[in-house]
Amino acid sequence: MTTPRGDTDPGPDTTESTRETRVVAVTNYKGGVGKTTTIINLAGALAYYGKRVLVVDGDPQGNATDGFKVEMLDEDEGPTQGTVVIDGSDPHPLVAKPFDNIHILPADLDMIYLPSRLREVEAGEFRYARMLRQFHGEYDVILIDQRPAIDTDTNAQAVAADSAIIQVDVDRWAMKAVTRQLAAHLKVNDALGRDPDALRHLGLIIGKVTKPMGGFDQAVYSKLQQHPKLPYLGEIPIRSADLKEAREEGQPVQFFRPRSDTAGFFRDIAVKAGLVEAA
């Protein structure tokens with residue numbers, strides 16, 4: 001990654017805005033750890049607290065898009081997320097609005113080519129930042145659902161974010177995955193000459209945990225809870241019926257079953273991550 005010339009850096013946002021917008025990437029280069037589940041339900045929790053949320057589905061698999069019962073974009077039918085990232089055009093017409101306070105920037109299958117496209121354009125690492133700046137002032141929080149990879153597209157999303165939450169499963173590769181993800185973020189900041197804290201890590205969420213645990217899993221679990229660089233935010237409740245049933249309805253669990261422990265968990269995460277103040 002090379003640092004671009006000053007005139008290609010999006011620079012500070014000087015446009016008048018009515019909201020201070022936080023941009024949070026939910027990340028882990030290892031797949032299947034529950035990032036999309038957290039994105040959907042954290043969005044619901046933030047909406048519960050009165051926040052306006054934009055979910056950016058950064059994964060060409062489109063699971064977050066599908067989770068809200070929104071259609072994926074199609075490059076053959078018009079502009080897509082990949083299009084507006086590369087050419088800087090207006091992303092607003094692409095936004096779906098399934099709920100008053102939760103809007104979605106859908107994914108598209110052609111985003112599989114986005115990493116190579118970003119490598120081919122000048123200042124590719126700033127293209128997501130440029131695109132998302134067009135939403136600043138309209139939303140309180142922008143949540144980026146990253147695909148499971150460390151590549152030019154996920155790096156560009158990290159540049160656009162001011163904060164990150166790392167999600168992980170309890171398995172033999174868990175600590176390695178967290179260490180590598182933190183190193184990738186540090187490398188992005190270093191390559192761009194940014195302060196190491198330019199991307200603030202809000203904490204770590206543990207995905208579904210099968211209990212009772214064996215000795216090895218218990219040791220990993222304890223290490224994750226006591227990670228020296230990441231505050232522990234909690235683990236997703238194993239009461240998966242709440243999550244599955246809500247997903248089938250295209251809703252966050254907060255909307256589908258607001259009094260459940262699962263809904264309460266994601267409200268707690270919103271508070272612990274510093275995205276809202278406790279009531």
Side-chain angles (χ1 to χ4, degrees), residues 1-4 6 8-13 19-30 33 35-36 38-39 42-43 46 51 53-59 64 85 105 114-115 118-119 123-137 139-168 174-206 224 227-233 269-276:
M1 180 183 297
T2 57
T3 303
T8 58
D9 189 321
D13 187 356
R19 297 172 185 268
E20 179 182 354
T21 301
R22 298 284 303 275
V23 182
V24 183
V26 179
T27 183
N28 191 327
Y29 80 94
K30 185 176 179 293
V33 297
K35 296 189 299 294
T36 300
T38 290
I39 285 277
L42 181 56
L46 291 169
K51 302 297 184 181
V53 184
L54 175 67
V55 173
V56 177
D57 190 349
D59 189 340
V85 167
L105 180 57
L114 191 53
L118 288 169
R119 282 189 285 268
E125 54 267 61
F126 287 113
R127 296 293 170 125
Y128 258 100
R130 180 180 65 174
M131 186 269 287
L132 291 183
R133 280 183 65 238
Q134 299 184 64
F135 293 115
H136 280 219
Y139 298 96
D140 297 292
V141 182
I142 297 174
L143 297 174
I144 306 175
D145 189 10
Q146 293 198 307
R147 71 184 181 97
I150 296 175
D151 208 334
T152 50
D153 57 336
T154 56
N155 285 345
Q157 292 160 4
V159 171
D162 57 70
S163 308
I165 293 171
I166 295 180
Q167 181 136 356
V168 66
M175 292 299 292
K176 178 181 177 181
V178 172
T179 299
R180 186 173 180 187
Q181 194 66 62
L182 290 171
H185 291 164
L186 184 62
K187 184 177 180 181
V188 168
N189 285 338
D190 185 61
L192 299 179
R194 303 196 309 177
D195 186 275
D197 295 325
L199 182 65
R200 180 186 173 203
H201 292 97
L202 303 180
L204 178 148
I205 297 175
I206 298 177
L224 290 171
H227 196 282
K229 295 184 179 179
L230 293 171
Y232 174 61
L233 300 178
I269 291 297
V271 174
K272 290 179 181 178
L275 298 174
V276 297

Applying side-chain hydrogen bond (donor to acceptor under 3.5 Å, both in side chains), can you list everything that pairs with Asp151, at least two apart in sequence or on another chain?
Arg119, Arg147

Taking every heavy atom of Tyr128 against every heavy atom of Ala160, the minimum-distance pair comes out as C-CB, 3.8 Å

Minimal heavy-atom distance between Ala270 and Leu46, with the atoms involved, is CB-CD2, 4.0 Å

Going from CD1 on Ile206 to CG on Leu224, what distance comes out if it is rounded to the nearest 0.5 angstrom?
5.0 Å

Minimum heavy-atom distance between Ala177 and Asn28, given as atom pair plus value
CB-OD1, 3.7 Å

Looking at residues at least two apart in the chain, or sitting in another chain, which of them share a ring pair (Phe, Tyr, Trp, His ring centres under 6.0 Å) with His227?
none

In Å and rounded to the nearest 0.5 Å, what is the CG to CG distance from Asp145 to Asp57?
5.5 Å

Measure from the side-chain N and O atoms of Gln167 to the backbone N and O of Val33, and report whether any donor-acceptor pair falls under 3.5 Å.
yes

Residues Ala64 and Val55: closest non-hydrogen pair is CB-CG1, 4.4 Å

So CE of Met131 and CZ of Phe126: to nearest 0.5 Å the spacing works out to 15.5 Å

Which residues satisfy the side-chain hydrogen bond (donor to acceptor under 3.5 Å, both in side chains) test with Gln146, sequence neighbours excluded?
Thr27, Gln157

Sequence neighbours left out, what passes side-chain hydrogen bond (donor to acceptor under 3.5 Å, both in side chains) with Arg200? Give chain and number order.
none

Look up atom CG in Leu132 and atom CD1 in Ile144, then write down how far apart they are to the nearest 0.5 Å.
5.5 Å

Sorted by chain and residue number, the side-chain hydrogen bond (donor to acceptor under 3.5 Å, both in side chains) partners of Thr154 (sequence neighbours excluded) come out as none

side-chain contact (heavy atoms from CB on, under 4.5 Å) against Ala183, all qualifying residues, sequence neighbours excluded
none

Could you tell me which non-hydrogen atom of Ile165 sits nearest to which non-hydrogen atom of Ala273, and how far apart they are?
CD1-CB, 4.4 Å

Test of understanding: with side-chain contact (heavy atoms from CB on, under 4.5 Å), list the residues that count as partners of Pro231, not counting sequence neighbours.
none

side-chain contact (heavy atoms from CB on, under 4.5 Å) between Leu118 and Glu125: does it pass, once the steps are laid out?
CA-CA 7 Å; Leu118 288 169; Glu125 54 267 61; over 6 Å; no

Separation of Leu143 CG from Leu275 CG (nearest 0.5 Å)
7.5 Å

So which of Asn189, Val159, Leu186 actually passes side chain to side chain contact (heavy atoms under 4.5 Å, CB included) with Leu199?
Asn189

State the OG-CD1 distance between Ser163 and Ile142, to the nearest 0.5 angstrom.
12.0 Å

Any pair counted as ring pair (Phe, Tyr, Trp, His ring centres under 6.0 Å), so long as it reaches residues 181-200, sequence neighbours left out:
His185-His201

Is any side-chain heavy atom of Leu202 less than 4.5 Å from a side-chain heavy atom of Arg22?
yes

Test your reading of the model: is there a side-chain donor-acceptor pair from Thr21 to the backbone of His136, 3.5 Å cut-off?
no

With side chains defined as the heavy atoms from C-beta onward, is the minimum distance between Leu230 and Ile166 less than 4.5 Å?
yes

Looking at Asp162 and Val23, would you say the former's side chain and the latter's main chain have a donor-acceptor pair under 3.5 Å?
yes

Considering all heavy atoms, the nearest Arg194-Val188 contact:
NH2-CG1, 4.5 Å

